[in-house]
J.: 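This structure is in structure tokens; I'll ask about it shortly.
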Amino acid sequence: MITSSLAEQLRNAQHVVVFTGAGVSVESGIPTFRDALTGLWERFDPAQLATSDAFRADPSLCWGWYEWRRNKVLQAQPNGAHLAIAELARYVPKLTVVTQNVDDLHERAGSRDVSHLHGSLHSPRCIDCRLAYTLPLTSEALPEGGSRIEPPRCSACDGYVRPGVVWFGEMLPEDAWSAGIAAAAECDVFLSIGTSGIVYPAAELPLRALGRGATVVHINPARFDISGQEHFLEGPASVMMQSLLREAFGDHPVS
Ligand code: OAD
């Protein structure tokens, strides 16, 4: 429930952090990783798709799967939650968006300077020399779950081009992680939206913010345990974000 005191804390905040996970893109038709039945890791084995060893063992299987996801994202549109988050920037002095998502729906909704802790589907690079590679913006529908597609080759060293996402066992991009840590340390309100909060180090951010005295709010349709100092808004991201904006800042169109 959005209490008047929570709305007031948001209204008076100087720096708000919005930290998002796969749940914020669900209403755009992008599946999460861990939801029973619909989560990607229920249907596909991360060990086969989300490690560099897996890519080297079977580049076409892995590349085909990520091309399917990139294609799904290209066909998706930002939803009410992405739009409300972009809108929030108009009401608070400083807003920092930190996401675990590898889609670009925050940017397409109008958010600026989004820190992508887990990289991006849209920034592939050579697996050997790391040279960036430009992919065509295809919108051709690919079969569910993908099929084998031979990855492109690097123009400099002929190595395979790999997806620009962070795989298990890899470091987070330094700039994004430093921005996340700095914002969590400085903010007065931290909104954690649509994440299971179990993948570290990203999941440290709400804890760091809480440790520095920020008001931490979780938005999720599936309830989980939180400490007595945190807040939980139970419901889909779009509904809860739009209600939160309305309670804190009054009626406004989310466009
Ligand atoms: P998860 O799949 O672990 O969690 C998604 C969360 O979204 C769950 O808690 C759902 O209850 C919630 N959810 C579902 N529908 C929602 C809705 N309409 N509104 C709000 N929340 C909703 O996804 P992440 O927490 O993002 O890493 O996973 C973290 C990382 O694990 C991902 O970035 C990815 C994955 O392995 C990499 O690819 C490196």
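Order of listing sets the numbers, starting from 1, for every ligand and every atom in it. On a predicted model such as this, the values are computed, not experimentally measured, just so you know.
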J.: Under 3.5 Å, is there a donor on one side chain and an acceptor on the other for S25 and D103?
T.: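 A donor-acceptor contact under 3.5 Å links the two side chains.
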
J.: For atom 18 (N) of ligand 1, grab the closest protein heavy atom and report residue, atom and distance to one decimal in Å.
T.: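 Answer for atom 18 (N) of ligand 1: E27 OE2, 3.3 Å.
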
J.: To the nearest 0.1 Å, how far is atom 17 (C) of ligand 1 from its closest protein heavy atom, and which atom is that?
T.: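 For atom 17 (C) of ligand 1, the nearest protein heavy atom is G23 O, 3.4 Å.
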
J.: Taking atom types as modelled, find out whether N71 and E67 have a side-chain donor-acceptor pair closer than 3.5 angstrom.
T.: no

J.: Atoms of ligand 1 less than 4.0 Å from A22 heavy atoms?
T.: 23 (O), 24 (P), 26 (O)

J.: Relative to the heavy atoms of A222, which atoms of ligand 1 are at a distance of less than 4.0 Å?
T.: 11 (O)

J.: Which of the numbered atoms in ligand 1 are under 4.0 angstrom from any heavy atom belonging to G194?
T.: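 Near G194, meaning under 4.0 Å from one of its heavy atoms, ligand 1 has 5 (C), 6 (C), 7 (O), 20 (C), 21 (N).
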
J.: Just need the protein heavy atom nearest to atom 15 (N) of ligand 1, so name the residue and atom and give the distance.
T.: V26 CG2, 3.6 Å

J.: State whether a side-chain donor-acceptor pair under 3.5 Å links H82 with S111.
T.: no

J.: Kindly work out whether a path of hydrophobic side-chain contacts (I/L/V/M/F/W/Y, heavy atoms less than 4.5 Å apart) joins I219 to V199.
T.: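 I219 does not cluster with V199.
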
J.: Can you pull out the closest protein heavy atom to atom 27 (O) of ligand 1? Residue, atom name and distance to 0.1 Å, please.
T.: H118 ND1, 3.4 Å

J.: Using a 4.0 Å heavy-atom cut-off, say whether W41 meets ligand 1 through its side chain, its backbone, both or neither.
T.: side chain

J.: Closer than 4.0 Å to some heavy atom of D35 - which atoms of ligand 1 meet that?
T.: 10 (C), 11 (O), 14 (C)

J.: Keeping the roles fixed (side chain from Y66, backbone from L49), state whether a donor-acceptor pair exists under 3.5 Å.
T.: yes

J.: Ring-plane angle category for F33 and W41, please: parallel below 30°, perpendicular beyond 60°, tilted otherwise.
T.: tilted

J.: At a non-hydrogen distance cut-off of under 4.0 Å, which region of T32 contacts ligand 1 (side chain, backbone, both, or neither)?
T.: both

J.: Check for me whether the distance between the ring centres of W63 and Y160 falls short of 6.0 Å.
T.: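 So the answer is no for these two rings.
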
J.: Judged by atom type as modelled, is there a donor-acceptor pair below 3.5 Å linking the side chain of R153 to the main-chain atoms of D158?
T.: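 Judged by distance alone, yes, a pair lies under 3.5 Å.
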
J.: Do me a favour and list the nearest non-hydrogen protein atom to atom 22 (C) of ligand 1 with residue, atom name and distance?
T.: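 The closest one turns out to be P221 CD, 3.2 Å.
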
J.: Numbering the atoms of ligand 1 from 1, which are under 4.0 Å from a heavy atom of Q100?
T.: 29 (C), 33 (O)

J.: Counting from 1, what ligand 1 atoms have a heavy atom of G21 closer than 4.0 Å?
T.: 26 (O)

J.: Of the protein's non-hydrogen atoms, which lies at the shortest distance from atom 19 (N) of ligand 1, and what is that distance?
T.: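 For this ligand atom, the closest protein heavy atom is A237 N, 2.9 Å.
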
J.: Out of all atoms in ligand 1, which are within 4.0 Å of some heavy atom of T195? Include the element for each.
T.: 6 (C), 9 (O), 24 (P), 25 (O)

J.: Salt bridge (charged side-chain N to carboxylate O under 4.0 Å, His left out), that's the test. Do R70 and D104 meet it? Break it down for me.
T.: CA-CA 10 Å; R70 186 175 71 94; D104 58 355; over 6 Å; no

J.: Given 3.5 Å as the limit, does a donor-acceptor pair link the side chain of S28 with the main chain of Q77, or not?
T.: yes

J.: When you measure from atom 3 (O) of ligand 1 to every protein heavy atom, which one gives the shortest distance, and what is it?
T.: S196 OG, 2.5 Å

J.: What protein heavy atom lies closest to atom 34 (C) of ligand 1? Include the residue and the distance to one decimal.
T.: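 Result: F33 CE1, 3.5 Å.
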
J.: Any non-hydrogen atom of F168 lying under 4.0 Å from ligand 1?
T.: yes

J.: If hydrophobic clusters are built from ILVMFWY residues whose side chains come within less than 4.5 Å, do V102 and I127 share one?
T.: yes

J.: Return yes when N220 approaches ligand 1 closer than 4.0 angstrom through a heavy atom, no otherwise.
T.: yes

J.: My understanding is that a hydrophobic cluster links ILVMFWY residues whose side chain heavy atoms are under 4.5 Å apart, including indirect links. Using that, what else belongs to the cluster containing L117?
T.: V17, F19, V98, V166, L172, W177, I181, F190, L205, L210, V216

